[in-house]
Amino acid sequence: MNPLREALAAGRFCYVVELVASRLAREARILDVAARLASCPGVVAGSVTSYAGGAPGHDPMRVGTAARARGLTPNIHLTCVGQDRHGLRKTLEDLHALGIENVFAMTGDYPTAPVGENRPPAEYDLDSVQLVALIALLRRAGMPFHIAVAVSPFKYTESDCVYQYLKLEKKIAAGADLAITQLGYDARKFRELQRYLDERGVRTPVLGNVYVLNQRGAEKMAKGEPPGCWVAPELLEAVRRESAVKDGGQAARLERAARMVAILRGLGYAGAYVGGTHDAGQIAWIIQRAEALAPRWEEFAAELTYAPRGGFYLYEGGGRRPRPGRGFAPVALNLLGRLFPVQRETWLRRLLRGLFGWVDRHPLLAKGLERVEMGIKGPAFGCHACGNCVLGHMEYVCPQTCPKQMRNGPCGGAHLGRCEVVDKPCIWGPVYERATAADRLADLRVYIPPPDRHLQGTSSWINYFLERDSRPGR
Ligand code: SF4
């Protein structure tokens with residue numbers, strides 16, 4: 001029995017409640033909450049976080065198993081932080097052995113823990129799309145996982161926003177069963193996502209994030225913490241005003257949450273993903289109140305408009321900036337590719353295969369070629385010699401220059417085109433702009449598999465012609 005899967009299949013509006021298993025929360029308390037939520041009508045799962053905000057917490061598998069023993073079906077967050085594909089596979093096999101089906105697959109926040117013994121590596125072997133593909137592979141092998149993925153419609157530049165939607169399509173194509181939005185307080189964006197999926201005939205259910213926002217949370221999010229969560233100055237002001245009253249703003253924030261649930265119901269969302277409170281009484285109140293408010297959802301939607309000024313909306317025309325051209329290098333390299341085609345079996349490809357095969361049989365020459373390649377691609381693209389070149393699939397932007405080394409689109413942490421990890425533009429902005437300029441947006445939907453890490457430090461040219469690398473189609 002999996003109440004989450006059943007509610008979605010039946011089209012019954014449902015609630016998943018986030019259980020933040022951070023180090024600061026006592027595990028016994030989380031389990032007590034789980035026991036109370038289990039008897040809360042409408043709640044079909046507890047979503048147990050992992051690496052929330054970039055810091056390791058309690059083991060989500062242990063917490064999830066214990067929550068299930070208390071009657072609450074777990075939805076286990078599985079991030080790509082600090083585990084390579086083998087570790088992730090092992091975790092999934094363990095989840096299956098425990099009879100846990102629901103997995104929330106995501107890339108994960110960049111680790112924020114201080115340098116020290118337990119500092120997790122800031123390396124990402126897989127991205128979230130590749131993780132979904134891995135889970136789907138195990139599902140085909142008989143492990144009946146139900147895969148949830150994240151999407152953020154609350155992006156206010158064109159590239160951030162459209163790429164989120166493109167990436168969601170990739171996740172669904174890879175095997176996702178359910179999408180859950182990042183938090184945000186903008187009904188126009190909730191509506192935009194729903195329309196995007198409707199227009200493409202995508203029937204994958206979506207849960208809208210309803211975060212019960214207190215003053216402390218609002219103040220952090222107003223500064224962009226944790227990454228991907230953003231609160232507008234006007235909302236921060238409103239929360240501060242609400243918090244000045246006798247109950248500390250509790251009534252107002254619960255009312256806001258209930259109104260957001262009413263909006264989601266009205267828009268046709270499959271359910272709500274409720275966070276920001278571990279109080280089962282408050283969750284039950286929100287659910288009841290939302291039902292009472294349901295007929296007024298459009299009125300509330302018109303009021304929930306917390307967004308940056310001049311932000312981009314896909315269907316409303318605003319926030320679009322002049323589109324830069326594709327740039328010299330992508331145009332020239334594409335032209336070169338057309339003049340000297342090597343992607344098909346041509347005489348040139350056969351010649352180069354023979355030549356690179358010969359070089360490969362002479363280790364010193366192969367190393368020398370790798371150095372030459374690096375000497376060209378390092379300054380030109382910031383190449384890290386991963387050995388599995390996908391520049392041609394990413395508009396000549398190197399994925400290894402992304403701090404999370406993602407190959408299938410931006411994470412949810414970028415804000416107004418800036419990277420969540422380092423103070424520079426998100427690398428996926430130029431990928432989107434160049435693809436749009438070349439009218440090749442559809443190519444960005446192509447799945448890029450994880451690199452073969454054994455090829456690190458070798459020539460990607462040799463690997464390409466000897467068919468050793470990992471790239472789309474291989
Ligand atoms: S994808 Fe790999 S080989 Fe290609 S430029 Fe980036 S690091 Fe270098």
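Counting starts at 1 for both ligands and their atoms, in listed order. Keep in mind that this is a model prediction, so the values were computed, not measured.
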At under 4.0 Å between heavy atoms, which part of A385 makes contact with ligand 1: side chain, backbone, both or neither?
backbone
For Y269, check ring pair (Phe, Tyr, Trp, His ring centres under 6.0 Å) against everything at least two apart and list the hits.
F190
Do any protein N, O or S atoms sit under 2.8 Å from atom 4 (Fe) of ligand 1, and which ones are they?
C389 SG
Could you check whether Y196 and E169, counting side-chain N and O atoms only, form a donor-acceptor pair closer than 3.5 Å?
yes
For a side chain to side chain contact (heavy atoms under 4.5 Å, CB included) check, start with the C-alpha distance between R440 and E395, then their side-chain angles and the critical distance, and finish with the verdict.
CA-CA 10 Å; R440 289 176 47 171; E395 289 294 330; 3.7 Å; yes
Per the ring-ring contact (aromatic ring centres under 6.0 Å, His included) rule, what does the pair list look like for residues 400-429, sequence neighbours excluded?
Y163-W428, W230-H415
Do K377 and E370 meet the salt-bridge criterion of a basic N to acidic O distance under 4.0 Å?
no
May I have all residue pairs that pass ring-ring contact (aromatic ring centres under 6.0 Å, His included) and include part of residues 329-371, sequence neighbours excluded?
F356-F465, W358-H362
